[in-house]
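Data block below; observations after.
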Amino acid sequence: MVITRFAPSPTGMLHIGAVRTALFSWLCAKNQGGKFFIRLEDTDQDRYVEGAGKQILQTFDWLGIKLDGGPDHAELQTMKSNEDYPGALESGKVNSIAGPFVQSHRLDIYKEHAEKLIELGHAYRANESSEELTQLRQQAEARKMDFRFKEEMRLRTDIKPDEPHVVRLRMPRTGQTRYKDIVKGDMTFENANLDDPVLLKTDGFATYHLAAMVDDHLMGVTHVVRADEWLSSTPKHIQIYKAFGWELPQFAHVPNVLGADGKKLSKRHGAQSVFEFRDAGYLPEALINFLALLGWAPGQGDEQNVFSIDELIQKFSLDRVGSSPAVFEYAKLDWLNDMHIRRLEPEDLANRLRPFLEQAGTAIDTPERFAKLVQLVPLVKERAKKLTDAHDYINFFFKDIPVPPVEMLIGPKMELHLSLHALREARNVLSGLSDFNDDKGMEQALRALGDELKLKPTQLFTIIRNAVSGKTVTPPLFGSMAVLGREVTLARVDAAIARLMGG
RNA sequence: GCCCUCAUCGUCUAGUGGACCAGGACGCGGCCCUUUCAAGGCCUAAACACGGGUUCGAAUCCCGUUGGGGGCACCA
């Protein structure tokens, strides 16, 4: 059984690059029919940011990523600040992965394991002050040497368990640590280049190195999928596993996501959190599709670009993840968003559009209005790249429009009186229509009128469009009038005729 | 400074020694279609970072250079 995890620290908004790492981790598990869970790594009390845990859970909710394990209400409520979130799992797990999933709830476990390592001779207690260590490091640097803990520091046994101290891993000083990374390939590290990491801090909290390894082992993680920045500490982690005599998981270090300038993604590159993408009108399906393509491609002659989430799960594999950093570019995201918008069923799209329309000032607050929206959806889905684009196309269906100014009602290369005449004739045709819902019939009739008046389609239709919508850019005219209905359409045409007569 | 790592069109990528004068997608430009805006169809431009090897033959293997990214904490 494949088990993967995403283990962020609640130190702020989940970065879009981190989301991609999480996505790969999740896809890896789901592709194998495995499990995926979230663990909150809140072992650094100083960096903790209130509300971050909640936001992380919310992020996965919005993305539609279901967890097989994660912090539950009880755990969330007892975090440094109450992080409870309605969408959290009831019991912390749905698939028998052992919790708790918040590291501050597992302090005893880490302590116990640190002691075990001391017993085994793979770790030791130390109590140099950070000032002392800083000084030693500076001295080493001054002599252009790499700082290493001295042997006498690594062999102390005089520190009592009850006095303040840290526990450090005693790394091997010779030989190499090797492993095969799923994305980076064969890795070799000279142990001589590595120093002893702190496992347990003076405050009793474990560091990442200890906590994450102990948890991954205890929780049965088979594939450690994490960001590139962990690559160089992997040999330390492998030594921890070895010290315990545990079977090694597979490691996969996924490369960073870069901004358009080739630098690591940061605030000045625009959107950071998925919430910003959500608010900008992106679909979770599109974001996931886009993120998946950042570093992964199906390959083997498969040139598909647009993937549903299920297709991604089916085709994804970690060993096809590239090992070089990828640049985040909005153009393709926008295109994918467009593609995914079109794939949605009308009702589904209408529901997703609703909050954006309401925010833009068009309330969809009655069943009638919603039904109208659903009717409209086919007319706008090809035109909207983002959910925020729809409002401009559809607002004139939901509210009264001011009578357009005279200039707008004069057709291209036409005179006022001719435009007026054309509009009157159009009104006659429209009012004579037996079935106003039949946009094809409507089109036929109006085209016939255009021929009769010796007007180009553009000329006639521009006048009608502007009169009926008050806009120069709209969804297809005939479908629009059909949705607008006979009454409203004719009223607007009449108002336009009156305006032209006045002018 | 030291360690690790990466390098194909502007961007995401396919490519695992001959099938590659390098394929796809986005974007760009053009044409067609067209009631506006889109969409769609067709077409064009656009890349193997550089220098050395190895080999009959290299985008693919090796070495170096350059450039990018990451790491070197009682942070994760």
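Computed from a predicted structure; not experimentally measured.
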Original post:
At under 4.0 Å, does any side-chain N or O of A:K471 touch on OP1 or OP2 of B:rC37?
Top reply: no

**OP:** Select base, sugar-phosphate, or nothing to describe what A:Q300 touches, counting heavy atoms under 4.0 Å on all strands.
**Re:** sugar-phosphate

**OP:** By nearest nucleotide on RNA chain B, pick out whichever of A:D42 and A:R342 is the more 5' one.
**Re:** A:R342

**OP:** Under a 3.5 Å limit for both distances, which nucleotide forms a Watson-Crick or G-U wobble pair with B:rA59, could you say?
**Re:** none

Original post:
Rounded to the Å, how far apart are A:I240 CD1 and B:rA76 C1'?
Top reply: 14 Å

**OP:** Give a yes or no on whether a salt bridge exists between A:D158 and A:R156, defined as a side-chain N under 4.0 angstrom from a carboxylate O.
**Re:** yes

Subject >> Atom C1', compared across B:rA19 and B:rG40: separation rounded to whole Å >> reply: 33 Å

Subject >> Spacing between A:E443 atom CD and B:rU36 atom C1', to the nearest angstrom >> reply: 14 Å

Original post:
Ignoring hydrogens and geometry, is there a side-chain-to-backbone donor-acceptor pair from A:N256 to A:P325 under 3.5 Å?
Top reply: no

Subject >> A:H391 and A:T362 side chains, donor-acceptor separation under 3.5 Å >> reply: yes

Subject >> Side-chain donor or acceptor of A:S25 paired with backbone N/O of A:T4 under 3.5 Å >> reply: no

Original post:
When you compare B:rC61 with B:rG70, how far apart are their C1' atoms, in angstrom units rounded to a whole number?
Top reply: 26 Å

Original post:
Whole-Å distance between B:rC72 P and A:M145 CE?
Top reply: 20 Å

Original post:
Between A:L294 (CG) and B:rA14 (P), how many Å, whole number?
Top reply: 12 Å

Subject >> Between B:rA38 (C1') and A:I341 (CD1): distance, integer Å >> reply: 13 Å

Which protein N or O atoms sit under 3.5 Å from an N or O of nucleotides 65-71 of chain B?
residue : atom : partner : partner atom : Å
B:rG69  : OP1  : A:K263  : NZ           : 3.1
B:rG69  : O2'  : A:N256  : OD1          : 3.3
B:rG71  : O4'  : A:S232  : OG           : 3.2
B:rG71  : O2'  : A:S232  : OG           : 2.9

**OP:** Look at A:R168 together with A:E128 and state whether they make a salt bridge at an N to O cut-off of under 4.0 Å.
**Re:** yes

Subject >> C1' spacing across the pair B:rC20 / B:rU34, given as an integer number of angstrom >> reply: 39 Å

Original post:
Is there a Watson-Crick or G-U wobble partner for B:rU65 with both distances under 3.5 Å, and if so, which one is it?
Top reply: B:rA49

Subject >> 5'-most by nearest nucleotide on RNA chain B - A:E41 or A:T472 >> reply: A:T472

Original post:
So what does A:S9 touch, heavy atoms closer than 4.0 Å: a base, only the sugar-phosphate, or nothing?
Top reply: sugar-phosphate

Subject >> Pair A:K184 + A:D228: basic N to acidic O under 4.0 Å >> reply: yes

**OP:** Pick base, sugar-phosphate or nothing for A:K184, based on heavy-atom distances below 4.0 Å to the nucleic acid.
**Re:** sugar-phosphate

**OP:** May I ask you to evaluate whether A:R137 reaches the phosphate of B:rC74, defined as a side-chain N or O under 4.0 Å from OP1 or OP2?
**Re:** yes

Subject >> Atom pair distance, as rounded to whole Å: NZ in A:K381 and P in B:rA39 >> reply: 16 Å

Original post:
Taking N and O atoms by type only, does the side chain of A:T207 place a donor or acceptor under 3.5 Å from a partner on the base of B:rC74?
Top reply: no

**OP:** In whole angstrom, give me the gap between the C1' atoms of B:rU8 and B:rA47.
**Re:** 6 Å

Original post:
Any salt bridge between A:R125 and A:E115, counting N to O under 4.0 Å?
Top reply: yes

Original post:
Contact class for A:F205 vs. all strands (heavy atom < 4.0 Å): base, sugar-phosphate, or nothing?
Top reply: nothing

Subject >> Spacing of A:L14 atom CG relative to B:rA76 atom C1', expressed in whole Å >> reply: 13 Å

Original post:
Among B:rU36, B:rC6, B:rA39, which is the nearest nucleotide to the side chain of A:R465?
Top reply: B:rU36

Subject >> Distance below 4.0 Å between A:T43 side-chain N/O and B:rA76 OP1 or OP2 >> reply: yes

Original post:
Pick from A:R5, A:Q103, A:H113: which one makes a side chain to side chain donor-acceptor pair (under 3.5 Å) with A:D215?
Top reply: A:Q103

Original post:
With a 4.0 Å cut-off on heavy atoms, is A:G322 in touch with a base, just the backbone sugar-phosphate, or nothing at all?
Top reply: nothing

Original post:
Base, sugar-phosphate, or nothing: which does A:L477 touch, judged by heavy atoms less than 4.0 Å apart?
Top reply: base

Original post:
Is the backbone of A:E132 close enough, under 3.5 Å, to the side chain of A:S129 for a donor and an acceptor to pair up by distance?
Top reply: yes

Original post:
Looking for any heavy atom pair under 4.0 Å, which part of the strands does A:E132 touch: base, sugar-phosphate only, or nothing?
Top reply: nothing

Original post:
Across the strands shown, which category fits A:A292 at heavy-atom distances under 4.0 angstrom: base, sugar-phosphate, nothing?
Top reply: nothing

Detail all sub-3.5 Å separations between protein N/O atoms and N/O atoms belonging to nucleotides 21-29 of chain B.
residue : atom : partner : partner atom : Å
B:rG23  : O2'  : A:E303  : OE2          : 3.3
B:rG24  : O4'  : A:E303  : OE1          : 3.3
B:rG24  : O4'  : A:E303  : OE2          : 3.1
B:rA25  : O4'  : A:N305  : ND2          : 2.8
B:rA25  : N3   : A:K332  : NZ           : 3.4
B:rC26  : O2'  : A:A331  : O            : 3.3
B:rC26  : O2'  : A:K332  : N            : 3.2

**OP:** Name the nucleic acid region contacted by A:V166, choosing base, sugar-phosphate or nothing; use a 4.0 angstrom heavy-atom cut-off, strictly under.
**Re:** base

Subject >> A:D338/A:R383 salt bridge by N-O under 4.0 Å criterion >> reply: no

**OP:** Scan every strand shown for a Watson-Crick or G-U wobble partner of B:rA25, both distances under 3.5 Å, and answer none if you come up empty.
**Re:** B:rU11

Subject >> Side chain of A:S323 (C-beta onward), nearest among B:rA39, B:rA76, B:rC6 >> reply: B:rC6

**OP:** Could you pull out the closest heavy-atom pair between A:A426 and A:I464, with the gap in Å?
**Re:** CB-CD1, 3.9 Å

**OP:** Please work out whether the ring planes of A:F316 and A:W296 are parallel, tilted or perpendicular, with thresholds of 30° and 60°.
**Re:** tilted

**OP:** Could you please name the option among B:rC12, B:rU34, B:rC6 that lies closest to any side-chain atom of A:R447?
**Re:** B:rU34

Original post:
Which of these nucleotides, B:rU35, B:rC74, B:rC75, is closest to any side-chain atom of A:F461?
Top reply: B:rU35

Subject >> Sugar-phosphate only, base, or nothing, as touched by A:P476 at under 4.0 Å among non-hydrogen atoms >> reply: base

**OP:** Please check the phosphate of B:rG40 (OP1 and OP2 only) for any side-chain N or O of A:R383 closer than 4.0 Å.
**Re:** no

Subject >> Integer angstrom distance from the C1' of B:rG64 to that of B:rG41 >> reply: 50 Å

**OP:** Go ahead and name the base partner of B:rG1; Watson-Crick or wobble counts if both distances stay under 3.5 Å, otherwise write none.
**Re:** B:rC72

Subject >> Interatomic distance at C1', B:rA14 relative to B:rA73, whole Å >> reply: 41 Å

Original post:
So, for A:Y282 and A:F290, is the gap between ring centers shorter than 6.0 Å?
Top reply: no

**OP:** Would you mind reading off the distance between A:L199 atom CG and B:rA76 atom C1', rounded to a whole angstrom?
**Re:** 15 Å

**OP:** Provide the distance between the two P atoms, one in B:rU60 and one in B:rG53, to the nearest whole Å.
**Re:** 15 Å

**OP:** For A:T458, report the nucleic acid contact type (base, sugar-phosphate, nothing); a contact means any heavy atom under 4.0 Å.
**Re:** sugar-phosphate

Subject >> Under-4.0 Å salt bridge between A:R447 and A:D451 >> reply: no

Original post:
OP1, OP2 of B:rA14 versus side-chain N and O of A:R320: anything below 4.0 Å?
Top reply: yes

